[in-house]
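Each chain gets a letter, A, B and so on, in the order its sequence line appears, and its residues count up from 1.
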There are 4 protein chains.
Amino acid sequence: MSRTRSEQAVWRREQLLDAALRVFADKGVDGATVKDVAQAADVTPGLLYRYFASKEAMVETLLSERGFLPRLLEWRAQGHDTRPATEVLTELLEAFDRLLADNAELMALFFSAAQARAPLATMVNEGQRLIGDFLRDRVDAGDLRPHDTVMAAKTLFATVAINRRFGTPIDIAALVGLLYPEEG
Amino acid sequence: MSRTRSEQAVWRREQLLDAALRVFADKGVDGATVKDVAQAADVTPGLLYRYFASKEAMVETLLSERGFLPRLLEWRAQGHDTRPATEVLTELLEAFDRLLADNAELMALFFSAAQARAPLATMVNEGQRLIGDFLRDRVDAGDLRPHDTVMAAKTLFATVAINRRFGTPIDIAALVGLLYPEEG
Amino acid sequence: MSRTRSEQAVWRREQLLDAALRVFADKGVDGATVKDVAQAADVTPGLLYRYFASKEAMVETLLSERGFLPRLLEWRAQGHDTRPATEVLTELLEAFDRLLADNAELMALFFSAAQARAPLATMVNEGQRLIGDFLRDRVDAGDLRPHDTVMAAKTLFATVAINRRFGTPIDIAALVGLLYPEEG
Amino acid sequence: MSRTRSEQAVWRREQLLDAALRVFADKGVDGATVKDVAQAADVTPGLLYRYFASKEAMVETLLSERGFLPRLLEWRAQGHDTRPATEVLTELLEAFDRLLADNAELMALFFSAAQARAPLATMVNEGQRLIGDFLRDRVDAGDLRPHDTVMAAKTLFATVAINRRFGTPIDIAALVGLLYPEEG
DNA sequence: CATGAATGAGGCTTCATTCAT
DNA sequence: AATGAATGAAGCCTCATTCAT
């Protein structure tokens with residue numbers, strides 16, 4: 001109602017991105033039309049071009065602004081160091097899984113956008129590194145037995161990601177228990 | 001050159017599927033044009049329609065005829081039963097990994113075809129079941145310690161698949177070693 | 001120039017229908033291309049699809065909106081009852097003939113649209129009934145001798161229509177004189 | 001079986017024309033494809049081009065070789081002169097009507113082929129002249145009262161033709177009775 | 001800021017026609 | 001004589017994008 005010009009502009013931009021994410025995730029970037037996005041945002045196609053230079057620019061904006069890695073990093077920043085490694089690890093993976101679930105649309109976009117291969121790979125690498133760093137810290141601290149932490153990180157990340165992606169969610173505690181049977 | 005009509009028809013069909021797979025994997029199904037496929041096959045677009053009813057039909061044919069699960073099942077059919085479980089498991093996963101590597105294009109197609117979600121889910125489920133069955137057999141035979149074989153199958157499958165998918169191949173023996181440290 | 005949006009839309013729609021009727025009548029529905037219609041309307045082909053869902057929809061719209069029966073019925077609605085039957089009949093047929101002449105394009109469309117057989121048959125039936133009703137009224141009123149009014153209506157209608165259709169227009173007064181020699 | 005080369009060629013040509021007539025009448029010339037015709041003739045498309053230079057040539061051949069006016073003229077050639085005019089006229093019109101019924105496909109072709117306007121007009125004119133000549137002869141012979149025979153011919157022809165065309169066949173005796181009430 | 005009419009490029013598909021076999 | 005694989009030219013339609021209002 002009483003939004004300043006600039007507030008309104010920001011709000012509209014977000015609204016358009018929301019709509020675009022929804023539509024792109026649903027139909028794929030190529031499968032979705034600008035008109036689809038406009039309708040999802042309850043707006044006319046022409047308006048999109050006041051906020052984004054092109055359809056492609058919308059995709060790029062989504063990929064860069066809506067990436068969820070930042071949120072994972074935030075999580076990491078909080079100290080969880082005093083509790084058992086497997087407990088924290090389970091929580092970390094659950095946070096990651098929840099992130100994926102909450103961002104199913106974004107994931108679909110990542111997987112579908114042919115052009116988006118690079119951002120996706122980055123995300124995978126970063127995610128694996130995040131988990132790997134955590135594991136190595138805990139091995140160093142003696143909380144976990146020495147093991148191939150890089151491989152473990154890849155395994156954990158992949159398992160959570162792929163099962164979330166294809167609609168077969170898993171019991172993360174069981175996953176952690178599988179890799180760290182003695183620790184639990 | 002000197003092919004019979006019927007041979008030529010079969011050959012041409014395969015050639016077109018090859019070209020289509022290559023192009024779809026490269027640009028995504030929606031991003032690729034029928035003209036692209038035709039050019040990749042060194043043929044005019046019209047000809048595609050003597051062999052396939054539509055672009056969509058090409059995708060479906062690729063998904064059903066070129067699925068690689070059949071090949072995995074073949075592998076499974078051969079007896080590998082006399083050797084240590086972890087050795088055979090490593091081989092199974094390597095076979096799977098090689099299959100993915102050899103079929104990078106097919107994988108890309110699976111991941112990109114927005115409408116092809118169902119075949120992909122099937123493939124994931126079947127693959128996990130294949131590995132899970134193997135693990136359970138070996139647990140029953142006392143070759144592996146009792147453990148959550150379903151989860152293990154999911155883990156192994158996911159790890160191999162996702163890392164192959166995003167260009168970060170892994171050391172499969174290390175993966176097996178991670179899950180079955182005592183057995184090796 | 002200074003038309004409101006809504007006026008413009010109505011005007012454009014009519015303009016497109018005008019062009020379509022002209023072109024379809026000239027080349028036949030199947031023989032005419034969407035591009036032909038667009039060029040006749042001095043517009044790009046894409047625009048047609050803002051106003052009509054398909055080429056076929058254009059044909060259907062023409063058939064239903066531009067049918068001329070409504071105009072005949074208007075004529076009939078006016079009272080012509082006080083004058084001699086043959087005089088009024090002649091006028092009615094002349095009105096009909098004029099309608100056909102004025103709508104040569106529409107007639108051509110009616111005759112050519114293979115799929116549009118139903119509207120055409122309807123038009124024929126309605127036209128015959130209109131004339132037949134008139135004749136029976138006048139027979140009942142004693143203005144015309146008793147005779148097979150249904151057959152007479154068919155005869156009159158057919159004669160006017162077919163001769164107008166194939167470019168051999170006739171003297172309608174002579175036609176009426178042929179069927180009602182004593183009355184004139 | 002034992003056809004000479006030349007017999008076979010003639011036979012095949014007729015077979016193709018039969019098929020073409022059937023298909024063109026059903027779908028319209030533009031709506032029918034060469035493949036449609038070939039399939040109707042149980043033959044491959046390529047073969048058509050050994051017998052006709054083009055699809056258009058098939059249409060033209062049908063229009064010129066399969067016109068039914070020749071058959072009407074044959075009928076006329078036989079003497080029917082000793083019997084009452086209305087009786088013979090009824091028979092003539094019935095023969096004409098039957099011809100139209102028997103050649104529904106040809107009629108459909110005549111009406112649909114946009115290019116076939118000229119042959120159709122010719123047919124109409126010839127038919128009207130044939131009937132008109134008959135009427136004038138009988139008027140001259142005193143069998144019919146003096147009247148506008150040209151107009152009568154047009155009327156009779158049109159009525160039979162249009163009603164046959166649009167699936168509303170009529171009682172021809174009643175038609176004749178309408179125009180020649182006293183004579184019957 | 002917002003609309004939606006209009007464009008132009010290009011996509012999928014069909015089809016008359018040719019030609020090697 | 002007959003086939004059917006292959007072509008090339010369109011045809012219908014969609015859609016990202018622009019722009020006058």
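Rounding to the nearest 0.5 angstrom, the gap separating the CG atom in C:Asp42 from the CG atom in C:Leu16 is 11.0 Å. To the nearest 0.5 angstrom, A:Phe52 atom CZ is 3.5 Å from A:Leu17 atom CG. B:Gln39 CD to B:Thr33 OG1: the interatomic distance, rounded to the nearest 0.5 Å, is 7.0 Å. Distance CG/B:Leu63 to CG/B:Leu21: 10.0 Å, rounded to 0.5 Å. Summarising the geometry, atom CG belonging to A:Leu48 is positioned 13.0 Å from atom NZ belonging to A:Lys35; distances are rounded to the nearest 0.5 Å.
Pairs of Watson-Crick or G-U wobble type, with distances under 3.5 Å, assemble into runs of 3 or more in DNA chain E at these ranges: E:2-21 with F:2-21.
Legend: salt bridge (charged side-chain N to carboxylate O under 4.0 Å, His left out) pairs involving residues 13-25 of chain D, not counting sequence neighbours, sorted by first then second residue: D:Arg13-D:Glu65, D:Glu14-D:Arg66, D:Asp18-D:Arg66.
Nearest heavy-atom pair across D:Thr44 and D:Ala38 is C-CB, 3.7 Å.
Regarding D:Leu48, its CG atom lies at a distance of 12 Å from the C1' atom of F:dT3, rounded to whole Å. One can place CZ of B:Arg12 at 14 Å from P of E:dT21, the figure rounded to the nearest angstrom. Computed from coordinates, the B:Gln39 CD to F:dT7 P distance equals 12 Å when rounded to whole Å. Atom CG of D:Asp42 and atom P of F:dA1 are 18 Å apart (whole Å). We find that CH2 of B:Trp11 is positioned 16 Å from C1' of F:dG4, with the value rounded to whole Å. Taking atom CZ of C:Phe24 as the reference point, atom C1' of F:dG11 lies 13 Å away to the nearest angstrom.
One finds no side-chain N or O of D:Arg50 lying less than 4.0 angstrom from the OP1 or OP2 phosphate oxygen of F:dT3. Under 4.0 angstrom from either OP1 or OP2 of E:dG4 there lies no side-chain N or O belonging to C:Gln8.
Residue contacts shown for D:Phe52 are absent, as no nucleic acid heavy atom lies under 4.0 Å away.
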Quiz item: With the sugar-phosphate defined as primed atoms, P, OP1 and OP2, and the base as all remaining atoms, what B/S/- string results for nucleotides 13-20 of chain F, 5' to 3', for protein heavy atoms under 4.0 Å?
Solution: BBSSBB-B
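Using a 4.5 Å heavy-atom threshold, the side chains of B:Phe24 and B:Lys55 count as touching. A:Arg12 is listed as a side-chain neighbour of A:Leu47, based on a closest heavy-atom distance under 4.5 Å.
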